[in-house]
Trainee: 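Take this structure, written in structure tokens, and hold onto it; I'll ask about it next.
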Amino acid sequence: MDIILGLLIGNILAVLSWRFITSPIAVDTRLSLYTYLNKIAGDSMTKLYNWANVIIFSVISAAMITVSSTAVRFAFDIPAQLNWYPTNAWFILIVLAVGIVVVSIAIYGFNAVSEFSGICAPWLFVMFTSGAMVLLPALSLDVLDKTLPAGWADFMTLGDQSIWTGINSDGEPGIGLVEVIGFGWAANTITHFGLIDMALLRFAKKKNYGYATSTGMMFGHYVAWIAAGIMGAGAAVILGKSIVELDPGDVAYYALGLSGFVIVIVAGWTTAITNLYRAGLAAQAIFFNHSRKKTTIVVGLVTVAIACFPFVFSQILPLLTYAGLLVVPVGAIVFAEHQIFPRIGFTRYWSSYRKLTFSMPAVASWGLGLVFGFGLNFLDVISFYYLFIPTWFFTIAVYTLLASKYGAKENYAEEVKEEEVRMETIERFQEEQAKNEPSIAKDVSLFSKGLKFIAISALVATLVLACNVMFGSATETNYIENRELFYRYAFICTIIYFVLAYWALKRGKSNTVA
């Protein structure tokens, strides 16, 4: 119940954070965080922040390249990499090969990243759900001596004894409900409390579009994380090993067969590519004399080198939390400037009106926020997963106080009026540009519709095969037979889906007309 209820509450809190913290600022200003930060804190602060983003997104991307590589190493019978350093030269070569693909897609820019993720997302949802359905009978046979839990009470018993036992691998008690809620909420602090997703939500028509993040949280995190727990425990039962002896390649193969190789590669790629793209953008903002492609290639090479060390992947959860803690003070500074200052009589964008290239209040608040947050962690006075909340409030208070002493309380009526006129001019220009944009007709040809229908049918067929394993296995023998059937035909469905979905995408791009 700690997992099922805790992840639900934590992910709902994350969605609400996007809606009420990120979305209002993004829709009000139509600015990315980088542009807003440059406006209120100057070039120096922005460069520091960009360096932080290069490091954060490179490390996340490296971890996901390592995840993808675990599937490839399994296919070539290379030992699992369970140390912090690589123990096999072939594994390093696999990381290099996987990394080259990630870097290649990332350098093609946003459209390539978006198209790749758009094709993969529906399939990922289906495969995570199917993997849990395929391995749940193995767990049920091991714990309950029957292929399917008879009801909710049976499922709770199964989860408590075999999946989320509350005991870590070292025999110590695990985290409880409150910490699970904190983890679900904190896992994305970079993007909501840290405001990185202003870059996306600035295109939203209304602030309520922040609720659209619930698709990622409820399916991508809530359902997929629970499914991953079932798959991990199920694979451990089949192999007769402890879960800590397995890596994602082991788990995915025994959950999904050959499709498991694909899901680990794709799941790793979708995250690695998007984060490497972000890292490349941040690097270009620092080295603005170089193209985005060049900076992405350089950052990509460093990222691939980091990916050779499994330590990065094995420590991804604390790394994500620390990364969130690193950028949350910046989000707090922007939140204070935009939402609090007008309400207490301060002037928004005061530092740009003073033409400051270095904002002491912003830089000092970020530094003090980091000292405060990591200090709380060192003193262990609050749960690791909740550090971002007091850090956020502390930084808001510090920035408001310092800004008041450096000029935020002064009157800038003339500058504000000039800014309003400038923004109105920009809006009119953008409206004129929008009118001149060519209209794009969607590809509605019967052949393209047929390709999409068959691709979707392949996903439905995969779910039907998974349901047959879970609900159609009366005995252990039936279960093994149905599982092998799923392994075989789900892989065929995977090939059909990707070929036809990509074909439909390419036809759609070539058949659209102005």
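Along the sequence shown, residues are numbered consecutively beginning with 1.
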Trainee: Minimum heavy-atom separation for P329 to T391, with atom names?
Mentor: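 Here P329 and T391 meet closest at CG-CG2, 3.9 Å.
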
Trainee: With ring-ring contact (aromatic ring centres under 6.0 Å, His included) as the test, would you mind laying out the steps for F346 and Y412 before giving the verdict?
Mentor: CA-CA 10 Å; F346 288 14; Y412 300 91; over 10 Å; no

Trainee: Side chains of residues 198-208: which donor-acceptor pairs under 3.5 Å do they make with residues two or more places apart or in other chains?
Mentor:
{"from": "R202", "atom 1": "NE", "to": "A199", "atom 2": "O", "distance (Å)": "2.8"}
{"from": "K207", "atom 1": "NZ", "to": "D28", "atom 2": "OD1", "distance (Å)": "3.4"}
{"from": "N208", "atom 1": "OD1", "to": "R19", "atom 2": "NE", "distance (Å)": "2.8"}
{"from": "N208", "atom 1": "OD1", "to": "R19", "atom 2": "NH2", "distance (Å)": "3.1"}

Trainee: Identify the heavy atoms of S351 and A41 that sit nearest to each other, and give their distance.
Mentor: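 Closest heavy-atom pair between S351 and A41: OG-N, 4.0 Å.
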
Trainee: Distance check, rounded to the nearest 0.5 Å: I340 atom CD1 versus Y399 atom OH?
Mentor: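 Those atoms lie 11.0 Å apart.
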
Trainee: Residues two or more places apart in sequence or in another chain: which of them pass ring-ring contact (aromatic ring centres under 6.0 Å, His included) with F287?
Mentor: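 Once residues adjacent in sequence are excluded, the partners of F287 under the ring-ring contact (aromatic ring centres under 6.0 Å, His included) criterion are W51.
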
Trainee: Report the residues that fulfil side chain to side chain donor-acceptor pair (under 3.5 Å) with N275, sequence neighbours left out, ordered by chain and then residue number.
Mentor: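 N275 satisfies side chain to side chain donor-acceptor pair (under 3.5 Å) with R278 only.
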
Trainee: Evaluate whether atom CZ of F498 has more than 12 neighbouring non-hydrogen atoms of other residues, nucleotides or ligands under 6.0 angstrom away.
Mentor: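 Counting other residues, nucleotides and ligands, CZ of F498 exceeds 12 neighbours.
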
Trainee: Show the nearest heavy-atom pair for residues G331 and L195, with the distance to one decimal.
Mentor: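 G331 and L195 have their closest heavy atoms at O-CD1, 3.5 Å.
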
Trainee: Where do F335 and F341 land on the ring-ring contact (aromatic ring centres under 6.0 Å, His included) test, with the steps shown first?
Mentor: CA-CA 9 Å; F335 182 87; F341 280 17; over 10 Å; no

Trainee: Would you find a donor on one side and an acceptor on the other, under 3.5 Å apart, between the side chain of N377 and the backbone of G373?
Mentor: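 Such a contact is absent between N377 side chain and G373 backbone.
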
Trainee: Does the side chain of M127 reach to within under 4.5 Å of the side chain of L459, using non-hydrogen atoms?
Mentor: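 A side-chain contact is absent here, since even the closest heavy-atom pair is not under 4.5 Å.
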
Trainee: Should L368 and T395 count as side-chain neighbours, where that means a heavy-atom distance under 4.5 Å?
Mentor: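 No, too far: nothing below the 4.5 Å cut-off.
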
Trainee: Where do S130 and T462 come nearest, in terms of heavy atoms and distance?
Mentor: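 Minimum heavy-atom contact is OG-CG2, 3.8 Å.
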
Trainee: Checking Y497 now: which residues fulfil side chain to side chain donor-acceptor pair (under 3.5 Å) with it, not counting sequence neighbours?
Mentor: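 Per chain and number, Y497 pairs via side chain to side chain donor-acceptor pair (under 3.5 Å) with no residue.
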
Trainee: Check whether any side-chain heavy atom of L356 lies under 4.5 Å from a side-chain heavy atom of Y406, and answer yes or no.
Mentor: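 Side chain of L356 against side chain of Y406, heavy atoms only: no contact under 4.5 Å found.
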
Trainee: Is the number of heavy atoms from other residues, nucleotides or ligands within 6.0 Å of OH (Y353) greater than 12?
Mentor: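 Correct, the count exceeds 12.
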
Trainee: Kindly compute the distance separating CD1 (I456) from CG (L500), expressed to the nearest 0.5 Å.
Mentor: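 Going from CD1 on I456 over to CG on L500, the span is 11.0 Å.
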
Trainee: Is the count of non-hydrogen atoms from other residues, nucleotides or ligands lying under 6.0 Å from Y211 atom OH greater than 12?
Mentor: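 Counting neighbours around OH of Y211, more than 12 heavy atoms of other residues, nucleotides or ligands fall under 6.0 Å, so yes.
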
Trainee: Is the shortest side-chain heavy-atom distance between V67 and M64 below 4.5 Å?
Mentor: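 Of all side-chain heavy-atom pairs linking M64 with V67, at least one is under 4.5 Å.
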
Trainee: Would you say the side-chain atoms of N11 pair up with the backbone N or O of L7, donor to acceptor, closer than 3.5 Å?
Mentor: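 Looks like yes, one N/O pair under 3.5 Å.
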
Trainee: Return the minimal non-hydrogen interatomic distance between A307 and V95, and the atom names on each side.
Mentor: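 Closest heavy-atom pair between A307 and V95: CB-CG1, 3.7 Å.
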
Trainee: A side-chain contact here means heavy atoms from C-beta on lying under 4.5 Å apart; do V327 and F193 qualify?
Mentor: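 No - every pair of side-chain heavy atoms lies 4.5 Å or more apart.
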
Trainee: Decide yes or no for I263 and F128: does some side-chain heavy atom of the first lie under 4.5 Å from some side-chain heavy atom of the second?
Mentor: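 SC-SC contact between I263 and F128 confirmed.
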
Trainee: Are a donor atom and an acceptor atom from the side chains of W123 and T494 found within less than 3.5 Å of each other?
Mentor: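 Present: a donor and an acceptor within the cut-off.
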
Trainee: In the structure I gave you, are the side-chain heavy atoms of I495 and F491 within less than 4.5 Å of one another anywhere?
Mentor: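 In short, these two side chains touch, coming nearer than 4.5 Å.
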
Trainee: Using modelled atom types and a 3.5 Å cut-off, is there a donor and acceptor pairing between side-chain atoms of Y386 and backbone atoms of G182?
Mentor: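 Between the backbone of G182 and the side chain of Y386 there is a qualifying donor-acceptor contact (under 3.5 Å).
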
Trainee: Hey, could you give me each pair passing salt bridge (charged side-chain N to carboxylate O under 4.0 Å, His left out) that has a residue in residues 32-44? Not counting sequence neighbours.
Mentor: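 Salt bridge (charged side-chain N to carboxylate O under 4.0 Å, His left out) check on residues 32-44 returns K39-E419.
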
Trainee: Could you grab the distance from atom CD of E337 to atom OG1 of T347, nearest 0.5 Å is fine?
Mentor: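 Separation between the atoms: 9.0 Å.
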
Trainee: Just checking, is any N or O donor in the side chain of T35 or S32 under 3.5 Å from an acceptor N or O on the other one?
Mentor: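 Yes, because at least one side-chain N or O of T35 sits under 3.5 Å from a partner of the opposite role on S32.
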
Trainee: Is the distance from the ring center of F447 to that of W503 below 6.0 Å?
Mentor: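 Centroid distance F447-W503: below 6.0 Å, so yes.
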
Trainee: Looking only at side-chain N and O atoms, does S23 offer a donor or acceptor that is under 3.5 Å from a partner on W18?
Mentor: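 Short answer, no.
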
Trainee: Please say whether more than 12 non-hydrogen atoms of neighbouring residues, nucleotides or ligands are located less than 6.0 Å from CE in M360.
Mentor: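 At most 12 heavy atoms, drawn from other residues, nucleotides or ligands, come within 6.0 Å of this atom.
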
Trainee: Does H192 use its side chain to pair, donor to acceptor, with the backbone of W185 at less than 3.5 Å?
Mentor: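 Yes: the side chain of H192 pairs with the backbone of W185.
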
Trainee: Check the angle between the aromatic planes of F183 and Y385 and answer parallel, tilted or perpendicular using the 30° and 60° thresholds.
Mentor: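 Perpendicular.
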
Trainee: Any donor-acceptor pair under 3.5 Å linking the side chain of S58 with the backbone of I55?
Mentor: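 Checked: no pair found.
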
Trainee: Walk me through whether F393 and F372 qualify under ring-ring contact (aromatic ring centres under 6.0 Å, His included).
Mentor: CA-CA 11 Å; F393 281 109; F372 179 79; over 10 Å; no

Trainee: With heavy-atom distances below 4.5 Å as the criterion, would you say the side chains of I21 and Q339 are in contact?
Mentor: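 The answer is no, as the side chains (C-beta and beyond) never meet within the 4.5 Å cut-off.
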
Trainee: Residues two or more places apart in sequence or in another chain: which of them pass side chain to side chain donor-acceptor pair (under 3.5 Å) with E410?
Mentor: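 Per chain and number, E410 pairs via side chain to side chain donor-acceptor pair (under 3.5 Å) with R354.
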
Trainee: What is the minimum heavy-atom distance between N38 and T46, and which atoms define it?
Mentor: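 Residues N38 and T46, closest heavy atoms: CA-OG1, 3.2 Å.
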
